[in-house]
Structures are given as structure tokens and as C-alpha cells.
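Below is one structure, written out as C-alpha cells; the observations come after it.
Not measured: the values here are computed from a predicted model. In listed order, ligands and their atoms are each counted from 1.
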Amino acid sequence: MKQLTSRLPHVGTTIFSRMSALAAQYGAVNLGQGFPDFACDPKLVDMVTVAMREGFNQYPTGVGALELRQAIAEKIARIYGHRYDVNTEITVTPGATEALTTAILCSVHPGDEVIVIEPAYDSYLPAIELAGGVPVLVQMEVAKHGGFSVPWSRVEAAITQSTRMIIINTPHNPTGSVLRASDLAALVEIVRDTDILILSDEVYEHMVYDGERHESMCRYPELAERSFIVSSFGKTYHVTGWKVGYVAAPAALTTEFRKVHQYNVFSVNTPMQHGIASYMQDPVPYAALPAFYQRKRDLFRKGLANSRFELLPADGTYFQCVRYDRISNQTEAEFAEWLTAEIKVAAIPVSAFYRDGKDSGIVRFCFAKKDETLALALERLARV
Ligand code: PMP
Ligand code: GLN
């Protein structure tokens with residue numbers, strides 16, 4: 001068989017798929033890949049079922065069902081105070097992943113530089129590579145007994161004439177850190193008087209804890225005017241397998257986004273869009289999310305406080321990072337595999353989010369799980 005010359009020679013199977021397979025192989029509690037193990041609201045399923053029965057089963061418009069775009073625009077306006085135009089600025093996508101890749105493909109030309117802050121979600125670098133772009137990596141700082149933060153002076157120093165885009169992710173996977181108003185103020189200063197675009201991955205927008213607010217790019221006019229903002233209903237409504245998300249961006253950016261999107265997927269499945277649009281009429285499900293997940297976070301952290309793991313701050317997302325240097329001097333990948341095989345709790349090595357595999361002795365657990373799943377995992381982790 002003739003071999004293809006790979007467009008992505010450095011890429012294998014994702015860490016999430018690998019750790020989930022390992023968890024299944026060893027019968028481990030899967031706190032690796034980020035997805036809930038509990039059911040979504042049955043009302044949401046009913047609304048999708050009604051949409052199917054009512055005949056919403058053919059191609060929707062490529063940009064997304066009007067009702068859903070309207071509901072998204074309303075939600076963004078209500079929470080963040082920025083009103084996107086339903087017709088020209090919001091596009092429904094098959095999950096956040098396609099939105100991220102398409103935003104990169106439509107705006108990054110060969111040789112353009114894209115600043116990526118590491119640790120970084122795994123889909124960013126391959127998308128930049130496919131576009132022919134050049135990733136410029138800036139690593140977050142990690143305090144010895146604290147959490148991760150973005151060194152804005154290093155981001156600024158990484159900017160050149162060729163910088164086309166900065167990718168932001170808040171709340172942040174895998175670290176669980178969130179950007180604050182002071183971070184966004186720094187970003188505003190960095191991009192002022194430049195043509196730099198921002199791709200803002202905000203899929204965990206409704207998972208910010210301790211009464212803090214999510215700092216969406218669209219709260220800040222100087223950032224909104226240059227940002228693609230991406231979110232995902234998979235995270236917000238506990239339906240990661242439905243793969244429905246969206247991108248909000250100014251009309252000029254959306255026009256180019258849609259040119260690529262229409263040939264990537266053309267459209268997103270119809271009944272889910274109508275069902276989600278009906279469900280969004282009630283703000284309670286997403287408004288209640290911080291309290292829902294904060295309780296799980298606190299339960300998980302309290303349990304881990306009785307173990308030899310050292311907890312990092314977890315201000316947002318449904319991830320908890322821990323140091324394990326009191327337990328082992330294995331690499332993160334070795335430790336995550338050992339934990340899965342021997343302790344029967346799967347985790348994700350944070351090194352998988354660095355291109356150079358930087359190893360800080362930290363693994364990530366997902367706490368989007370039933371209380372009994374967390375209890376079983378905690379019982380096992382306490383024995384380590
Ligand atoms: N961005 C981040 C930071 C994520 O954690 C994920 C996955 N959960 C995605 C994007 C992809 O979202 P989706 O499943 O909607 O494609
Ligand atoms: N975003 C999820 C995580 O970080 C995984 C999604 C995937 O498997 N691609 O765990």
C-alpha cells in the first residue's frame with residue numbers, strides 16, 4: 001500500500017481517547033476524558049424528540065437554525081451585555097472543535113504566526129499546522145504551591161509583524177484557572193493598534209466558581225471587535241456527544257468563517273438545534289451550573305484533602321489538577337497510566353497539553369461525575 005505523506009506527522013491518537021481506552025481496559029473509574037457520567041435533563045431530550053416528530057429532519061440553513069441563533073444572541077446579550085446580529089454574527093457549529101478549526105483555517109495564511117498559551121487544548125496546534133501557520137508558544141507560569149497564570153509580558157514579547165492571532169481559553173482546560181478583569185485589561189493593551197485576531201475558547205463559560213464572573217472577550221468592545229468567541233452546548237447541557245456549539249464574531253470575520261464552514265460540514269444536525277433552542281428559553285439550567293459544579297468541586301477537593309495529592313486552585317471548568325510529588329517521581333504519563341492500571345482511577349497527564357511534553361508532576365481529574373463515582377474514586381485515591 002502506498003503511504004500518504006502525513007499532513008500531521010507529529011499527531012497520534014488523542015490523550016483523551018487513549019486514557020478512556022485504558023480506563024475501560026483496567027475497569028478504572030474514568031476521571032480522565034472530560035465528560036459527565038450522569039444524564040442530561042430529560043426535558044432537553046423531550047424537546048429534541050418533539051422537534052424530530054414535528055419534522056425538523058432535513059438540512060437546516062448552513063449557518064444554523066434561526067431560533068437557535070436568536071436564543072444564543074439573547075443569552076450573550078443578557079449575560080455579557082454585547083448584542084451580536086443574529087443573521088451576520090452567529091454561526092452554529094458541530095461542537096466547539098469545528099468552530100476552533102474553522103476559525104483558524106479561515107484567518108491564518110501560510111507563514112502567519114499564532115500565539116498559543118500552553119498548556120493548550122489539543123486541537124489548536126494541529127489546526128494551525130493544517131492552515132500552514134506557525135505556532136508561537138508561550139508557557140503559563142506555575143507557582144510552586146499555587147496555580148497557573150498567563151505571563152502577559154511574555155505574550156507581548158512574542159508578538160511580531162507576522163502575528164495574526166492569539167488563542168485564549170478561559171476558563172482554562174486543563175489547569176482550571178480563569179482570566180480576571182486585570183488579565184483582559186493587559187490583553188486590551190497588547191492588541192491595541194494591531195490587526196491581531198483573538199480566538200477565544202470559552203466552552204466552560206458557565207463553570208466559574210466562588211461568585212466570580214466569566215470574563216468573556218465580548219464584555220470588552222476593543223476585544224469583541226477582533227474576536228471569534230467559541231462555546232459548546234456539550235459542556236453546558238451535559239451532552240458532549242451531541243456535538244453542537246457556536247461561534248460569535250463580528251460580521252466581517254463571520255463572513256470568512258462561513259465560507260470555510262459551509263464546505264467543512266455545511267450544516268449541523270437539525271432536531272438538536274431546535275431542541276436546544278427551546279431549552280434555552282429557560283435560563284435556569286445554565287444559570288444554575290456554577291452552583292451545581294461548585295458543589296462537586298468542593299466534594300472532590302474535600303476528599304482529596306485527606307490524600308497525599310496536593311491540590312491546585314480550581315477556579316473554573318470541571319477539572320481539578322493535582323501534584324503528586326509526595327507520592328511518586330514518575331513522569332506524568334507513567335503516573336497517569338499507573339494510577340489507571342493499579343489504583344483504578346484514570347487521569348490525564350498535563351504534559352499532553354505541551355508540544356515539548358513539559359512535565360511538572362501534575363495530572364488532571366474531571367469531577368463532572370455522579371457523587372457516587374467521585375466517592376469511589378476518592379476512596380481509591382486516599383489509599384495512594
Ligand atoms: N475546547 C476545550 C477547552 C475543550 O475542553 C473541549 C472539549 N471538551 C473543546 C474545545 C471541544 O468541544 P466540543 O466537544 O464541543 O467540540
Ligand atoms: N475536552 C475533553 C477533555 O479535555 C475531551 C474531548 C475529546 O475527547 N476530544 O477531556
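- By the 4.0 Å heavy-atom criterion, Phe35 is excluded from the residues contacting ligand 2.
- In summary, Lys243 and Glu98 do not engage in a salt bridge, as defined by a charged side-chain N under 4.0 Å from a carboxylate O.
- Within ligand 1, counting atoms from 1 as listed, the ones closer than 4.0 Å to a heavy atom of Ser232 are 13 (P), 15 (O).
- Counting atoms of ligand 1 from 1 in the listed order, those under 4.0 Å from a heavy atom of Gly95 are 15 (O), 16 (O).
- Of the charged side-chain nitrogens involved, at least one lies within less than 4.0 Å of a carboxylate oxygen, so that Arg192 and Glu222 count as a salt-bridged pair.
- Between Thr240 and ligand 1 there is no heavy-atom distance shorter than 4.0 Å.
- Not a single N or O atom of Phe353, backbone or side chain, sits closer than 3.5 Å to an N or O atom of ligand 2.
- The two residues Ser267 and Pro60 come nearest to each other via the heavy atoms OG-CD, 3.6 Å.
- Both tests pass for Lys369 against the ring of Phe35: distance under 6.0 Å to the centre and angle within 45° of the axis.
- Residue nearest to atom 1 (N) of ligand 2, selected from Tyr121, Tyr318, Phe319, Phe16: Tyr121 (by heavy-atom distance).
- Using a 4.0 Å cut-off between heavy atoms, Phe233 makes no contact with ligand 1 at all.
- Between Arg364 and ligand 2, an N or O atom pair is found at a separation short of 3.5 Å.
- Atoms of ligand 2 found under 4.0 Å from any heavy atom of Lys235 (numbered from 1 in listed order, with element): 1 (N).
- In this structure, Glu98 falls outside the shell of residues with a heavy atom less than 4.0 angstrom from ligand 1.
- Under a 4.0 Å heavy-atom criterion, Met19 is not in contact with ligand 2.
- An N or O contact shorter than 3.5 Å links Ala96 to ligand 1 by distance.
- Residue contact annotation: Asn173 has a non-hydrogen atom under 4.0 Å from ligand 2.
- For the residue pair Thr91 / Arg258, a side-chain donor-acceptor distance below 3.5 Å is found, with atom types taken as modelled.
- The aromatic rings of Tyr318 and Tyr204 sit perpendicular, their planes meeting at an angle over 60°, well past the 30° parallel limit.
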